[in-house]
Asker: 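Submitted below is the structure of interest, expressed as structure tokens.
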Number of protein chains: 2
Amino acid sequence: MRISEVAVRSGIPATTLRYYDTIGLIDAQREPNGYRAYDDGVLERLSFIEAAKQLDLALPEIAELLGVVEGDSCTQVRDALHPKLTERLREVDAHLANVRLLRNRLVAATRRVAACPDSGASCRSECMLLGERRRVCHTDDEPNDGGE
Amino acid sequence: MRISEVAVRSGIPATTLRYYDTIGLIDAQREPNGYRAYDDGVLERLSFIEAAKQLDLALPEIAELLGVVEGDSCTQVRDALHPKLTERLREVDAHLANVRLLRNRLVAATRRVAACPDSGASCRSECMLLGERRRVCHTDDEPNDGGE
DNA sequence: CTAGACCTTCGAGTTGGCTTCAAGGTCTAG
DNA sequence: CTAGACCTTGAAGCCAACTCGAAGGTCTAG
């Protein structure tokens, strides 16, 4: 199979396939004329890559897993994959906590700014998001559009 | 005030302050010798910038807001700031939804891989994250560490 | 023989917010 | 006069995962 056929059958652009080749993620044979020659197995490998990308794994990580996946037993694959997934889950949870914190800050800031008086002593601090930034005023509700 | 003093008092590196100058975020006067000369107001402006960065606003956006903040009335500041914040809140909520979806996929994949048989017909599809990716198996619980 | 569809490589550009580097100007204490 | 602390600029590097462009090789139909 040449690169354009792989591109059509996998839905991944030929430029990206070449890129995957240069970083060693997908290794292609070569025809005598230098064209890349892919076997049918590449489609399964690309499916794996796409699935792993859906899980937000980095390409070097996927390349490492792909090395295990190819030709090893299910047990070995599982033992390689499972820790990566749980680790990734931990990272995603940490990220989720950060984003939720950001959201709380946003809700608090939106409320403070909305409540900003037209003038007065507190006016600058209210409107400019300055002052007492410590009291973050936790609003744990989520996509629920706080006040306003 | 010279740049190093601003750096110490604001906690922002001098290199970053110069960068803020080049992108027009903070405009500094100049001494006759060419050194940047900051007035005291810069510290408040930097506080605003830091606060806005905490809310994940982009620097060009912050620059725009800073233009309004400077010297305009509280009402004008509020009217400029409030829509930005609610818009940002909407983006954050959208991002949050995406991350939650990713998390659900991760939990489902982790379970499937953990349940991967040592061999057999389903072995490859289970272990390689292939097949029936449509049944995402929603687990709406959050940082609660799914199965395992 | 030639148009044109396909393939190759290499290098640079994209995104944002810096950081680092290199080369050089300015000021002050001793 | 000189060491050294401070300041300046412009350019390049960093992160990921591509994406694009240029220049050129290969193959086939007409």
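Only this structure's heavy atoms are used, side chains among them; waters, hydrogens and symmetry mates stay out. Residue numbers start from 1 in every chain, and the chains themselves are labelled A, B, ... in the order their sequence lines are given, proteins ahead of strands.
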Asker: In whole Å, I'd like the distance from the CD atom of B:Glu61 to the P atom of C:dG16.
Answerer: 12 Å
Asker: Provide the closest heavy-atom pair for B:Ile62 versus B:Leu57 in the form atom of the first, atom of the second, distance.
Answerer: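 Reported closest heavy-atom pair: CD1-O, 3.6 Å.
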Asker: Within residues 23-39 of chain B, find the residues that approach DNA chain D with a heavy atom at under 4.0 Å, and present them sorted by residue number.
Answerer: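 Per residue number, the list reads B:Arg30, B:Gly34, B:Tyr35, B:Arg36.
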Asker: Given atom CG of B:Leu17 and atom P of C:dG17, what is their separation to the nearest angstrom?
Answerer: 16 Å
Asker: Contact between B:Glu61 and B:Leu55 at the side-chain level, heavy atoms closer than 4.5 Å - yes or no?
Answerer: no
Asker: Measure the distance from OH on A:Tyr20 to C1' on D:dA16 and round it to the nearest whole Å.
Answerer: 11 Å
Asker: May I ask you to evaluate whether A:Thr16 reaches the phosphate of D:dT19, defined as a side-chain N or O under 4.0 Å from OP1 or OP2?
Answerer: yes
Asker: Without decimals, in angstroms, what is the distance between B:Asp56 CG and C:dG16 P?
Answerer: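 Value for this atom pair: 13 Å.
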Asker: Between C:dT20, D:dA17, D:dT8, which one does the side chain of A:Pro60 approach most closely?
Answerer: D:dA17
Asker: Please confirm whether the shortest side-chain N or O distance from A:Ser4 to OP1 or OP2 of C:dC7 is below 4.0 Å.
Answerer: yes
Asker: Calculate the interatomic distance between A:Ile62 atom CD1 and D:dC18 atom C1'; express it in whole Å.
Answerer: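 My rounded result for the distance is 14 Å.
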Asker: At their closest point, which heavy atom of B:Arg88 faces which heavy atom of B:Asp56, and how far apart are they?
Answerer: NE-O, 3.0 Å
Asker: Identify all stems in which DNA chain D takes part, counting only runs of at least 3 consecutive pairs (Watson-Crick or G-U wobble, each distance under 3.5 Å), and give each as one range with another, ordered by first number.
Answerer: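 Correct response: C:1-30 with D:1-30.
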Asker: Considering all heavy atoms of both residues, which atom of B:Leu81 and which atom of B:Leu65 are nearest to each other, and what is their separation?
Answerer: CD1-CD1, 3.4 Å
Asker: With the side chain counted from C-beta on, respond yes when A:Arg45 and A:Asp39 share a heavy-atom pair under 4.5 Å apart, and no when they do not.
Answerer: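 Counting from C-beta outward, A:Arg45 and A:Asp39 do come under 4.5 Å.
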Asker: Report the residues that fulfil side-chain contact (heavy atoms from CB on, under 4.5 Å) with A:Thr16, sequence neighbours left out, ordered by chain and then residue number.
Answerer: A:Ile12, A:Pro13, A:Tyr20
Asker: Do A:Asp21 and A:Ile3 make a side-chain contact, defined as non-hydrogen atoms from C-beta onward lying under 4.5 Å apart?
Answerer: no
Asker: Over how many whole Å does the gap from A:Met1 atom CE to C:dC7 atom C1' extend?
Answerer: 16 Å
Asker: Find which nucleotide of DNA chain C each of B:Tyr19 and B:Arg2 is nearest to by heavy atoms, and output the residue with the more 5' nucleotide.
Answerer: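 Upstream on the strand: B:Tyr19.
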Asker: B:Leu17 versus B:Val42: any side-chain heavy-atom pair under 4.5 Å?
Answerer: no
Asker: Please determine if a side-chain N or O atom of B:Lys53 lies less than 4.0 Å away from the OP1 or OP2 oxygen of C:dG16.
Answerer: no
Asker: At less than 4.0 Å, is any side-chain N or O atom of B:Arg18 found next to OP1 or OP2 of D:dT9? Yes or no.
Answerer: no
Asker: Rounding to an integer number of Å, can you tell me how far A:Leu46 CG sits from D:dC18 C1'?
Answerer: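 Those two atoms, CG and C1', are 15 Å apart.
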Asker: With a non-hydrogen cut-off below 4.0 angstrom, is B:Ala14 in contact with a base, only sugar-phosphate, or nothing?
Answerer: nothing
Asker: Determine whether B:Arg30 and B:Arg36 make a side-chain contact, defined as any pair of heavy atoms from C-beta on separated by less than 4.5 Å.
Answerer: yes
